[in-house]
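Below: one structure, written as structure tokens.
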There are 2 protein chains.
Amino acid sequence: MLPELSVGQYSLVYNLFSFTIAAMLASFIFFVLGRQQVAAKYRGALVMSAIVVAVAGYHYFRIFENWSAAYSLQEGVYVASGVPFNDAYRYVDWLLTVPLLVAELVAVLALARARSISLTFRLALAAALMVVLGYPGEIAADTGTRALWGFIATLPFLYILWVLFRELGPAIGRQPGEAKVLVRNIRLLLFATWGFYPIVYLLPILGVSGAGALIAVQVGYAIADVLAKCGYGVMIYAIARAKTEAEENGGLVAETDRDGNRMAVAASSN
Amino acid sequence: MLPELSVGQYSLVYNLFSFTIAAMLASFIFFVLGRQQVAAKYRGALVMSAIVVAVAGYHYFRIFENWSAAYSLQEGVYVASGVPFNDAYRYVDWLLTVPLLVAELVAVLALARARSISLTFRLALAAALMVVLGYPGEIAADTGTRALWGFIATLPFLYILWVLFRELGPAIGRQPGEAKVLVRNIRLLLFATWGFYPIVYLLPILGVSGAGALIAVQVGYAIADVLAKCGYGVMIYAIARAKTEAEENGGLVAETDRDGNRMAVAASSN
């Protein structure tokens with residue numbers, strides 16, 4: 001049963017959900033229109049960013065409506081209306097968007113085709129597993145079950161981190177100039193924002209309960225979603241821009257230079 | 001009359017419908033924005049994919065609203081509210097989308113114009129007939145009527161399979177390299193997903209009834225729709241991409257005289 005909330009508590013979550021919808025809408029427009037500013041081979045990554053924020057925007061619209069329906073104002077406080085608050089929206093959202101988030105990072109690296117397909121497949125599968133395995137714990141009534149599924153879901157997350165920080169290290173080292181720094185930063189953003197979800201997930205286990213826990217979980221997930229989807233997508237755009245500029249300059253050199261063959265090999269061997 | 005459902009049963013269908021809406025939205029954005037990545041002659045196929053998922057998304061929105069209205073939560077279980085659950089949404093959806101699904105396959109093959117028109121006409125007509133003839137069985141009260149119309153509707157389905165696997169065999173054999181494999185795979189995807197609908201349709205005849213039958217039919221149709229529309233559309237995109245790349249590489253080699261080999265390598269590494 002949903003705990004009783006003060007007007008301030010209810011409104012904080014209400015307004016944060018509305019903010020999140022607006023942030024997803026703004027990001028969607030930016031990613032769709034920004035495609036023209038990057039080279040053709042990076043546009044796939046921006047399309048994925050656009051899909052991620054559209055799907056998240058849809059789900060936040062549902063969550064917002066659900067929040068409004070789940071509470072009613074009675075004598076100055078918000079009490080549960082009887083309509084259940086549906087946690088599954090978040091998990092359905094993550095199931096669709098989290099694999100796309102890792103796929104867009106691989107896409108913007110522009111690796112060799114076979115390597116790219118293998119990485120995308122493994123990372124997306126691990127990301128989907130992580131979400132699916134977390135859900136039984138989220139809806140569990142007791143903290144033991146929550147802890148168990150939370151632990152199991154952490155394993156694919158560790159695999160993703162291993163791939164990003166170990167296996168992909170050399171490929172990231174070969175990214176051109178500014179893009180190298182940006183890719184290292186986006187990897188840290190992914191680690192920091194994705195690492196935030198398990199902390200929110202753990203709150204009920206840590207004994208945080210009642211109105212405080214409800215508010216903390218909703219605020220935490222919403223902020224993490226804005227950073228991990230909108231912020232992350234903007235960094236993907238910045239990487240695509242930096243690489244586009246580096247290649248445009250490289251292309252000019254190759255056209256005027258006699259040593260064009262070596263330039264072409266250097267550009268395509270990342 | 002709709003059977004009583006547990007919270008878990010009701011929520012499974014509810015969340016799956018919401019997932020389907022999100023999947024159709026994601027696919028719509030992908031097909032619209034992905035047109036730029038394929039040659040002009042394949043864009044018609046992507047436009048049809050976009051229309052299919054938009055129409056399906058609209059119908060799933062209606063089905064979702066209908067599902068919510070058809071049930072009300074009373075003392076911990078979901079009971080029929082008295083609002084009927086409208087099966088016609090699915091058939092109206094299929095009547096519009098199923099002919100487009102066969103038409104987009106013909107379009108992406110890029111056959112000679114007269115052949116293309118003849119195939120599209122025959123396959124789309126058979127697809128529409130299949131849907132129209134299935135409907136009287138779907139709304140029939142007795143299993144005999146359901147079985148009869150189900151059998152009649154199978155005839156145009158067999159005709160479609162005959163065209164795809166016999167008549168179109170030689171044309172598919174002439175598709176370039178990777179596209180040939182993809183077209184063979186999409187034909188199997190169509191067979192597997194479309195073959196799934198009659199199985200769901202048969203469940204009431206096979207004696208599956210009550211809550212179990214209702215859940216199985218809704219879950220089955222939703223998963224089949226996601227695979228047959230979103231998954232199928234992504235494969236159409238992959239075929240269009242593979243053919244575009246094959247044609248671009250062919251064009252580059254033909255254009256360059258002395259250094260043709262290097263140009264082809266450079267072009268294929270994007």
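Every value quoted in this text rests on a predicted model; they were computed, and no experiment measured them.
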> At a heavy-atom separation under 4.5 Å, does A:N86 approach chain B through its side chain, its backbone, both, or neither?
Replying inline: side chain
> Where on A:A40 is there a heavy atom nearer than 4.5 Å to chain B: the side chain, the backbone, both, or neither?
Replying inline: backbone
> Can a salt bridge be assigned to the pair A:R113 and B:E178 using a cut-off of 4.0 Å between side-chain N and carboxylate O?
Replying inline: yes
> Between atom CZ of B:F19 and atom CG of A:L96, what is the distance when rounded to the nearest 0.5 Å?
Replying inline: 5.0 Å
> Between A:R62, A:R43, A:H59, which residue shows the highest count of heavy-atom pairs closer than 4.5 Å to chain B?
Replying inline: A:R62
>> Can you confirm whether B:V7 sits close enough to A:P84 that some side-chain heavy atom of one is under 4.5 Å from a side-chain heavy atom of the other?
In response: no
>> For residues 21-36 of chain A, give me every residue with a non-hydrogen atom less than 4.5 Å from any non-hydrogen atom of chain B.
In response: A:F28, A:V32, A:R35
>> Are more than 12 heavy atoms, taken from residues, nucleotides or ligands other than A:W67, located less than 6.0 Å from that residue's CH2 atom?
In response: yes
> Under a 4.5 Å cut-off applied to non-hydrogen side-chain atoms, are B:N15 and A:Y91 in contact?
Replying inline: no
> Should the heavy atoms of other residues, nucleotides or ligands under 6.0 Å from CZ of A:F61 be counted, would the total exceed 12?
Replying inline: no
